[in-house]
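Data block below; observations after.
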Protein chains: 2
Amino acid sequence: MPTITDEVRRAPRRDAAANRQALLTAAAEALGENPDAPLEAIASAAGLTRRALYGHFTGRDELVAALIDSGATRLNLVATQTDHADAPTALAMLGARLWHALGHVRLLAAMAVREPHVERVAAALAPVRERLDAIVARGVVEGGIRPDIAPETLARLIERSAIAVLLEASVTELSDAEGHRLVMVSVLGTAGLGWREAAALIDSTPELAMEALA
Amino acid sequence: MPTITDEVRRAPRRDAAANRQALLTAAAEALGENPDAPLEAIASAAGLTRRALYGHFTGRDELVAALIDSGATRLNLVATQTDHADAPTALAMLGARLWHALGHVRLLAAMAVREPHVERVAAALAPVRERLDAIVARGVVEGGIRPDIAPETLARLIERSAIAVLLEASVTELSDAEGHRLVMVSVLGTAGLGWREAAALIDSTPELAMEALA
DNA sequence: AATAAGTTGCACATGCGTGTGCACGTTTGT
DNA sequence: ACAAACGTGCACACGCATGTGCAACTTATT
């Protein structure tokens with residue numbers, strides 16, 4: 001009993017959804033490495049033809065947009081679910097959880113440099129940025145984070161330092177554990193903590209252990 | 001009296017060299033913002049036609065190559081002329097002097113992400129990297145730089161943290177003085193110094209003053 | 001003033017990715 | 001088994017940047 005329209009329609013095929021998903025996955029992978037990857041490459045990586053891709057998306061723009069939005073949604077979720085009374089700890093925690101969403105970060109970072117999408121990525125990632133800004137601002141007031149750099153600028157630098165580690169991980173093969181610690185340590189360094197302080201903080205805070213942030 | 005060949009040739013026109021230089025300058029500017037800037041844009045920014053560009057360079061590749069090489073030469077010069085007995089100081093000094101070559105860094109950083117040129121940039125910049133690696137390695141042994149990260153990895157992260165500041169400067173308008181200090185402070189943070197240590201080091205080292213590194 | 005160097009403006013070929021149309025298979029739901 | 005949903009393979013048009021060829025023109029050099 002069709003309810004949507006008065007036209008008699010049949011339920012869509014199950015494999016269509018699966019193929020759409022395959023396209024999204026393949027696209028995330030391909031565009032993460034090369035933001036200009038041709039649709040041909042994406043489609044064939046998903047086991048389909050370029051022509052078939054147009055059955056799921058109206059074109060490149062829609063595909064990319066979907067990818068950006070879903071990736072950003074994921075990261076925003078991670079960010080808004082992350083917090084801690086101590087600002088530096090919150091910062092490290094945020095970095096660590098982002099490490100475990102490496103794939104998404106890579107994609108977003110790649111698209112954030114391509115002219116047609118800069119704006120969209122920035123907009124979609126606003127929540128993460130707000131979280132970060134809030135943590136930094138709080139940390140500066142409370143004294144856990146360096147006050148010698150304008151908070152907004154510092155937030156951007158911390159952001160970039162986290163991304164630096166995540167991208168460096170694509171070159172130097174880093175284990176999960178190594179990456180986990182490296183992001184925290186690096187972010188804290190940019191936030192103004194000396195390396196001993198950072199290490200002490202991490203080692204004395206069980207919430208920052210990898211097991212706690214799977 | 002022609003000496004080069006037995007063909008009778010005339011000296012090339014003076015303005016040709018000037019135009020070539022104008023092309024290089026315009027290209028550096030344009031490609032620094034957008035590595036894919038069409039030759040048309042570059043040529044017209046230099047007050048010439050795209051067609052005329054081919055009178056100076058065999059094509060895009062040669063132009064880009066010339067640009068990369070000259071930029072890298074400049075940065076390598078800066079790097080090799082920079083040193084200091086104290087490793088952290090040397091690091092800050094290197095960062096600061098790179099700040100004052102912002103234009104070149106921007107160009108190189110932009111090209112370093114474009115597939116056809118990654119390799120060339122990396123090769124051309126080898127001297128800077130060696131310098132940086134050496135400073136970091138020394139600093140780790142002597143104790144001025146954090147030993148909790150593999151030296152090679154740390155060097156790459158410091159590199160990226162410096163570039164982060166330089167790029168951030170393109171967004172947030174930073175004065176010369178602000179940028180100068182921000183790079184140093186940021187680099188030292190990544191190197192493991194706490195923000196108070198970094199500030200103390202900078203303020204107590206006259207060689208790091210902006211006037212000393214014009 | 002004569003001449004070569006340099007520039008312009010146009011035309012044209014080439015390559016590459018995108019987007020679309022259409023006929024013909026293949027798979028799935030009912 | 002039948003029809004709709006989906007995929008394939010091909011063709012074609014379009015846009016955009018690169019690279020060349022060539023005649024006509026301008027500018028510097030001698």
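Numbered from 1 within each chain, the chains take letters A, B, ... in sequence-line order.
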Output the rounded distance in Å from [atom1] ([X]) to [atom2] ([N]).
| X | N | atom1 | atom2 | answer |
| --- | --- | --- | --- | --- |
| A:L48 | C:dT26 | CG | P | 16 Å |
| A:L53 | D:dT8 | CG | P | 11 Å |
| A:D15 | C:dT27 | CG | P | 10 Å |
| B:E115 | C:dC16 | CD | P | 16 Å |
| B:R20 | C:dT7 | CZ | C1' | 17 Å |

**Request:** May I ask you to test the A:H117-A:I68 pair for a side-chain heavy-atom distance under 4.5 Å?
**Result:** yes
**Side chain proximity check, B:M111 to B:R120, heavy atoms < 4.5 angstrom** = no
**Prompt:** Do the side chain of B:R131 and the main chain of B:A79 share a donor and acceptor less than 3.5 angstrom apart?
**Reply:** yes
**Asked** Does any N or O in the side chain of B:W99 come within less than 3.5 Å of the main-chain N or O of B:M184, such that one atom is a donor and the other an acceptor?
**Response** no
Measuring to OP1 and OP2 of [N], would you say a side-chain N or O of [X] lies under 4.0 angstrom away?
| X | N | result |
| --- | --- | --- |
| A:H56 | D:dG7 | yes |
| A:T49 | D:dG7 | no |
| B:N19 | C:dG6 | no |

**Request:** Rounded to the nearest 0.5 Å, what's the gap from CD1 on A:I158 to OG on B:S186? Could you check?
**Result:** 10.0 Å
**Prompt:** When you check the side-chain N and O atoms of A:H56 and A:R20, is any donor under 3.5 Å from an acceptor?
**Reply:** no
**Request:** Let me have a per-nucleotide readout for nucleotides 14-26 of chain D, 5' to 3', with B, S or -, counting only protein heavy atoms under 4.0 Å.
**Result:** ---SBBBBB----
